[in-house]
Amino acid sequence: MISNVQAYRASLLHFSNDPAFAEDATQWHSDGLLVVADGKVVAAGDYDRLLSTLPAGAMTHDWRGKIITPGFIDTHVHYPQTDMIASPAPGLLPWLNTYTFPTERRFEDAAHAGEVADFFLAELLRNGTTTAAVYCTVHPQSVDAFFERSDALNLRMIAGKVMMDRNAPDFLLDTAESSARDTEALIKRWHKKGRQHYAITPRFAPTSTEAQLRLAGELASQYPDTYIQTHVAENTDEVKWAMGLFPDSRSYLDIYEKRGLMRKRALYAHCIWLDDDDRARMAATASVATVCPTSNLFLGSGLFDFINADKLRMPVSLATDVGGGTSFSMLQTMNELYKVGRMSGVHLAAQRMFYMATLGGARALQLEGTIGSFAAGCDADFIVLDPQATPLLSRRSATTDSLEEQLFALAILGDDRVITATYAAGERVHQRAAWI
């Protein structure tokens, strides 16, 4: 009988913990073997040790000279904003009104939503991202279109319908009651169907009434294994706006906590203008800051405070935030993350940045043991990185003398061209032609 075991020989990189806080967190095998069967990781380790364990008939793929790592995890991205990436505006609020809302209107057309979802998912895979927490639009059909395409590709994705019942154009408004009703119907239709997960998605506090946020909190309590995703404290004008709308709250973040929206699986984009009380509440509730460096720089929103976040062990993860973000590439996002850290007096090691994009993302999503590492039993979502993907990167890689230097070169010089191949549940879903 022919075995369904597949083995991949390359250098292997994954993590058992956050390298910033734990020794021996980086798992590195310079000549490694990743063993996969039935869409799951069977084993990962040194080639010489694992070769003899392969069953007769196992197929071995030779990727020597490359690095295999778990697929990247993007914890905050807007698929409807794909077509408005790189749109100029003087700040967050005019950017929303000039570009975002008119672009999202088109998603009332299910065919348009499907076409954009196809492109968006292909772009994620081309950049090595195998899981993402995705915003759809206010239209339920935008969610159906996204999940239909993701499910067909057998990707592990998280998505949800935006809930927005005020302070936006009439053509994008729902109501508190209709948003809760639509959200619950979508949860029942898509949550845990195959590898799909649902996220309760109030856009941000200024575009939701008290009633809508309370209904979102009730849904979060009723369906505790769903996700919550929203925005908080991105921009100083936005913070003032939110506080004016909810004057009973101690802080912008407190608006959400008072309505039952802080818990495990709650993802808060940006988290720039928080204080230590907010950060302590994030840590205590296991709510996660999804750090979005390219959009924060592009929109001039501010710099994420790693020093105080780490001091209070506030959970953090990495995100592109397309279309405010300027690249689908998690490598390019690491590039900007490093610079944000330096401007804040922090040196972020490349190993920590790769952790944030893999196991760190899985932990943020409460999916450790399912994605984000090569522990036995994890989904076989992985990517093949090429340190010789471009002439400049090849030249720099030839002079690196440590794993940290090599990963740093990939983070600073790399982009989609580094992703040689992307695998989801053990199946190849993207392969790039060589540059020579």
Side-chain angles (χ1 to χ4, degrees), residues 74-109 112-113 116 119-120 123-124 127 132-139 142 162-173 201-208 229-245 252 255 267-274 289-305 318-330 332-333 335-337 339-340 343-344 415:
D74 183 346
T75 53
H76 180 84
V77 62
H78 298 254
Y79 102 84
Q81 295 178 16
T82 299
D83 289 340
M84 51 160 288
I85 193 171
S87 293
L92 170 65
L93 301 181
W95 177 83
L96 286 170
N97 289 315
T98 305
Y99 297 104
T100 304
F101 293 150
T103 298
E104 292 189 1
R105 182 178 194 173
R106 299 186 64 194
F107 285 75
E108 63 188 356
D109 178 355
H112 175 74
V116 176
F119 180 88
F120 172 86
E123 195 71 4
L124 288 186
N127 283 278
V134 180
Y135 283 58
C136 302
T137 67
V138 73
H139 313 98
S142 72
V162 163
M163 305 170 75
M164 183 164 61
D165 66 344
R166 67 169 170 175
N167 293 326
D170 289 346
F171 56 76
L172 282 182
L173 294 180
T201 310
R203 184 180 213 112
F204 66 149
T207 54
S208 286
Q229 57 182 1
T230 191
H231 302 77
V232 70
E234 177 178 2
N235 171 283
T236 53
D237 290 339
E238 169 217 9
V239 173
K240 292 175 185 176
W241 187 23
M243 295 307 296
L245 293 168
Y252 189 168
I255 296 170
L267 308 173
Y268 282 87
H270 308 299
C271 296
I272 296 172
W273 303 102
L274 302 184
T290 64
V291 183
C292 306
T294 75
S295 69
N296 296 157
L297 294 173
F298 178 72
L299 292 170
S301 299
L303 306 176
F304 184 80
D305 187 344
L318 187 59
T320 64
D321 194 23
V322 167
T326 53
S327 176
F328 282 88
S329 170
M330 292 291 276
Q332 284 293 288
T333 304
N335 177 317
E336 300 297 335
L337 183 74
K339 297 169 188 173
V340 166
M343 291 297 292
S344 306
D415 55 27

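Note that this is a predicted model, so its numbers are computed, not measured.
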Query raised in the report: Can you name the nearest heavy-atom pair linking A132 to V77, along with the distance?
Result: CB-CG1, 3.9 Å
Report task. Please report the shortest heavy-atom distance between A319 and P293, naming the atom on each side. Result -> O-CD, 3.8 Å
**Report entry** Residue pair N296 / I272, side-chain heavy-atom distance below 4.5 Å
**Finding:** yes
**Report entry** Heavy-atom side-chain proximity of S208 to D165 below 4.5 angstrom
**Finding:** yes
Query raised in the report: Is the closest side-chain heavy-atom distance between L96 and F204 below 4.5 Å?
Result: yes
Requested in this report: Answer with yes or no whether the side chains of Y252 and E238 bring together a donor and an acceptor at under 3.5 Å.
Outcome: yes
**Report entry** Side-chain donor/acceptor of S142 to backbone N/O of C136, under 3.5 Å
**Finding:** no
Query - Residue pair L299 / N235, side-chain heavy-atom distance below 4.5 Å - result: no
Report task. For side chain to side chain contact (heavy atoms under 4.5 Å, CB included), just list the numbers for H139 and E104, CA-CA rounded to whole Å, side-chain angles, deciding distance to a tenth of an Å, and then say yes or no. Result -> CA-CA 9 Å; H139 313 98; E104 292 189 1; 5.6 Å; no
Query raised in the report: With distance as the sole test, does W273 use its side chain to make a donor-acceptor pair with the main-chain N or O of V232 at under 3.5 Å?
Result: no
**Report entry** Minimum heavy-atom distance S327-T333, with the two atoms named
**Finding:** O-OG1, 4.3 Å
Query - D415 to S329 - nearest heavy-atom pair and separation - result: CA-OG, 3.7 Å
Query raised in the report: So Q332 and T326, side chain to side chain contact (heavy atoms under 4.5 Å, CB included) or not? Walk me through it.
Result: CA-CA 9 Å; Q332 284 293 288; T326 53; over 6 Å; no
Query raised in the report: Looking only at side chains, do T75 and T290 share a donor and an acceptor under 3.5 Å apart?
Result: no
Query raised in the report: Does a sphere of radius 6.0 Å around CZ in F119 hold more than 12 heavy atoms from other residues, nucleotides or ligands, not counting ones at 6.0 Å or beyond?
Result: no
Query - Contacts of type side-chain contact (heavy atoms from CB on, under 4.5 Å), residue K339, not counting sequence neighbours - result: N335, E336
Query raised in the report: Between the main-chain N or O of V291 and the side-chain N or O of H270, is there a donor-acceptor pair closer than 3.5 Å?
Result: no
Report task. Side-chain contact test, heavy atoms from C-beta onward, threshold under 4.5 Å: evaluate it for T100 versus M84 and give yes or no. Result -> yes
Report task. Start with the C-alpha distance between V134 and F120, add both sets of side-chain angles, then the distance that settles side chain to side chain contact (heavy atoms under 4.5 Å, CB included), and finish with yes or no. Result -> CA-CA 10 Å; V134 180; F120 172 86; 4.1 Å; yes
Query raised in the report: In Å and rounded to the nearest 0.5 Å, what is the OG to CG distance from S295 to L92?
Result: 9.0 Å
Report summary line: Closest non-hydrogen contact found for P202 with T230 is O-OG1, 2.7 Å
Query raised in the report: Given side chains that start at C-beta, do those of N167 and R203 come closer than 4.5 Å, heavy atoms only?
Result: no
Query raised in the report: Would you say the side-chain atoms of Y79 pair up with the backbone N or O of V322, donor to acceptor, closer than 3.5 Å?
Result: no
Query raised in the report: When the aromatic ring centroids of H231 and Y268 are compared, is their separation below 6.0 Å?
Result: no
Report summary line: Scanning both residues in full, the closest heavy-atom pair of F101 with P169 reads CD1-CD, 3.4 Å
Report task. Find out whether T103 and Q81 are in side-chain contact, i.e. whether some heavy atom of one side chain is under 4.5 Å from a heavy atom of the other. Result -> no
Report task. Using a 4.5 Å cut-off on heavy atoms from C-beta on, say whether the side chain of C271 contacts that of F304. Result -> yes
Report task. Using the side chain to side chain contact (heavy atoms under 4.5 Å, CB included) rule, take Y135 and H76 through it: C-alpha gap first, then chi angles, then the decisive distance, then the call. Result -> CA-CA 8 Å; Y135 283 58; H76 180 84; 3.4 Å; yes
**Report entry** Test item: side-chain donor near acceptor, T320 and D74, under 3.5 Å
**Finding:** yes
**Report entry** Expected output: side-chain T98 to main-chain W95 donor-acceptor under 3.5 Å
**Finding:** no
Query raised in the report: In Å and rounded to the nearest 0.5 Å, what is the CD1 to CG distance from I255 to L245?
Result: 7.5 Å
Report summary line: dist S87:OG -> F298:CZ (nearest 0.5 Å) comes out at 6.5 Å
